[in-house]
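Quick notes on the structure that follows.
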Number of protein chains: 2
Amino acid sequence: MAKRKISNTLALAVLGLLQEQPMHPYEMATTLRERHKDSSFKVNSGSLYDTVESLVRHGWIEPVETARDGRRPERTVYAPTGLGQDEFVRWIDELLRTPVAEYPKFMAAVSYLGALGPERAAEALLERAGHLARRIEETNTVLADTVGSGQVPRLFMIEAECAVHAWEAELAWTRRTVAEIRDGSLFWPRAERTEQGWTWSAPGEEPVR
Amino acid sequence: MAKRKISNTLALAVLGLLQEQPMHPYEMATTLRERHKDSSFKVNSGSLYDTVESLVRHGWIEPVETARDGRRPERTVYAPTGLGQDEFVRWIDELLRTPVAEYPKFMAAVSYLGALGPERAAEALLERAGHLARRIEETNTVLADTVGSGQVPRLFMIEAECAVHAWEAELAWTRRTVAEIRDGSLFWPRAERTEQGWTWSAPGEEPVR
DNA sequence: TGTCGTATAGTCGGATCCGGCTACTAGGAT
DNA sequence: ATCCTAGTAGCCGGATCCGACTATACGACA
């Protein structure tokens with residue numbers, strides 16, 4: 001599979017908005033925030049203007065008007081090209097079909113969980129669990145206020161359900177791991193350097209205290 | 001919370017390896033791959049050399065030797081400084097404690113699931129489910145071959161368990177969503193532009209076919 | 001009427017990241 | 001003898017990304 005010309009998903013968000021109506025970049029940013037899409041896309045104004053320019057270079061969108069309102073800076077309004085409309089759908093299709101490696105920061109830290117020692121690791125994970133629980137709560141509230149009240153169709157906020165599901169899984173794993181550390185079922189070996197390389201104390205022998 | 005000087009987690013991997021013994025960058029890369037840590041860290045040789053240099057600039061590691069083996073290019077061997085050893089632990093602690101927004105590509109695509117229409121969306125998600133199931137299987141095999149055979153302590157591969165847990169959750173959500181699309185419980189509104197803005201067909205009215 | 005905070009709209013320089021490249025060695029295969 | 005491939009080690013140009021910044025408009029309020 002050849003590499004995509006554009007990889008930043010913010011471009012996908014831009015394309016998505018322009019399917020509805022022509023827009024200038026600043027309006028894209030505010031619209032994305034209004035619709036809570038800024039939790040799926042990193043909306044940074046600097047990146048946004050770069051992204052839009054890149055989409056123009058690739059012929060996926062084009063400027064349709066440059067208006068000036070009083071003495072405000074002029075706004076360039078963009079619309080998708082035919083190519084852009086096709087690629088929008090193809091891109092979504094591809095992203096859904098094929099999982100790609102993503103290297104989340106949490107995974108990196110878990111890789112070196114051992115370095116903290118059992119007590120500190122358990123404590124840190126427990127704090128994370130609290131944050132996750134709160135975030136789940138907040139997102140469910142947002143869902144209730146929008147989809148729950150019938151203001152927005154469920155399909156248009158489905159990514160929030162997906163995110164909540166993922167956080168719940170992470171929360172469950174985190175709590176389970178804290179429990180395993182505390183009850184000793186996750187054995188904490190004491191690594192030591194010998195002439196041959198590395199050895200670890202085995203379960204039953206003295207663990208780290 | 002002030003922004004971290006270094007944010008690329010590859011630097012964390014480097015620090016982790018150097019806790020054990022001094023190493024040159026190329027050896028870091030091969031060691032990370034041997035230990036399957038390349039699924040938690042994006043090990044790209046270009047980035048690796050940049051990262052090492054950045055760690056030197058910040059005083060977290062320092063060159064301890066530049067050896068030349070025959071006429072091969074010379075290798076610079078690095079070791080962590082005292083500061084680097086402290087920061088290693090602090091960084092892990094912080095990454096574990098506080099979840100940060102990560103914008104995975106899948107979430108972006110799910111945000112625009114609607115654009116595919118029900119049949120194509122279900123089909124794409126189903127293909128993803130297959131990939132995820134395979135990846136889970138593969139990782140479990142690796143775990144059985146390493147931790148299961150007692151070659152490596154479970155703690156040193158705990159991130160693989162964490163990843164499997166996350167993929168299983170994603171798989172479950174994906175399958176459930178396919179089912180909901182197919183049995184109609186995830187209503188697919190037909191969006192339309194009117195003079196006032198946008199309106200959607202409500203459940204009960206004609207959905208998209 | 002001055003000015004303070006917020007919304008509007010976008011620019012820019014520097015940091016980061018990465019794919020593709022060079023250059024050399026060792027060990028078979030032809 | 002020569003070629004070919006795989007492994008060892010690192011470098012670099014260009015693309016991308018983002019934080020911090022500029023500049024104007026507008027309503028509130030003292």
Does B:Arg57 put a side-chain nitrogen or oxygen below 4.0 Å from OP1 or OP2 of C:dT16? yes

From CG of A:Asn44 across to C1' of D:dC18 the rounded distance in Å is 5 Å

Sorted by chain and residue number, the side chain to side chain contact (heavy atoms under 4.5 Å, CB included) partners of A:Val77 (sequence neighbours excluded) come out as A:Pro22, A:His24, A:Val64, A:Glu65

To the nearest angstrom, the CG-P distance between B:Leu10 and C:dT16 comes to 13 Å

Are any of A:Lys42's side-chain N or O atoms less than 4.0 Å away from OP1 or OP2 of D:dC18? yes

Whole-Å distance, A:Tyr78 OH to C:dG10 C1', equals 10 Å

Which side-chain N or O atoms in residues 41-52 of chain B pair as donor and acceptor under 3.5 Å with protein atoms at least two apart or in another chain?
residue, atom, partner, partner atom, Å
B:Asn44, OD1, B:Gly46, N, 2.7
B:Asn44, OD1, B:Ser47, N, 3.3
B:Thr51, OG1, B:Ser47, O, 2.8

Contacts of A:Glu127 meeting side chain to side chain contact (heavy atoms under 4.5 Å, CB included) (sequence neighbours excluded), chain-then-number -> A:His131, B:Arg97

Expected list for residues 45-56 of chain B near DNA chain C, using heavy atoms below 4.0 Å, is B:Ser45, B:Gly46, B:Ser47, B:Asp50

By salt bridge (charged side-chain N to carboxylate O under 4.0 Å, His left out), B:Arg128 pairs with (sequence neighbours left out) B:Glu170

Here the distance between atom P of D:dC18 and atom CZ of A:Phe41, to the nearest Å, is 14 Å

Side chain to side chain contact (heavy atoms under 4.5 Å, CB included) filter on B:Ser7, not counting sequence neighbours, yields none

note: B:Glu34, atom CD; D:dG7, atom P; distance rounded to Å ~ 13 Å

For a quick test of reading the model: is some side-chain N or O of A:His24 closer than 4.0 Å to OP1 or OP2 of C:dT8? no

| task | Would you please confirm or rule out a distance under 4.0 Å between OP1 or OP2 of C:dT8 and any side-chain N or O of A:Tyr26? | result | yes

Separation of C:dA9 atom P from A:Met23 atom CE, nearest Å, is 13 Å

Next item on the list: Compute whether any side-chain donor of one residue and acceptor of the other, for B:Ser40 and A:Ser111, lie under 3.5 angstrom apart.
Entry: yes

When rounded to the nearest 0.5 Å, the distance separating OH of B:Tyr78 from CG of B:Leu18 is 10.0 Å

When rounded to whole Å, the NZ to P distance for the pair B:Lys5 and C:dG14 reads 20 Å

To the nearest angstrom, the CZ-P distance between B:Arg75 and C:dC24 comes to 17 Å

Has A:Asn8 got a side-chain N or O lying under 4.0 Å from the OP1 or OP2 atom of D:dT16?
-> no

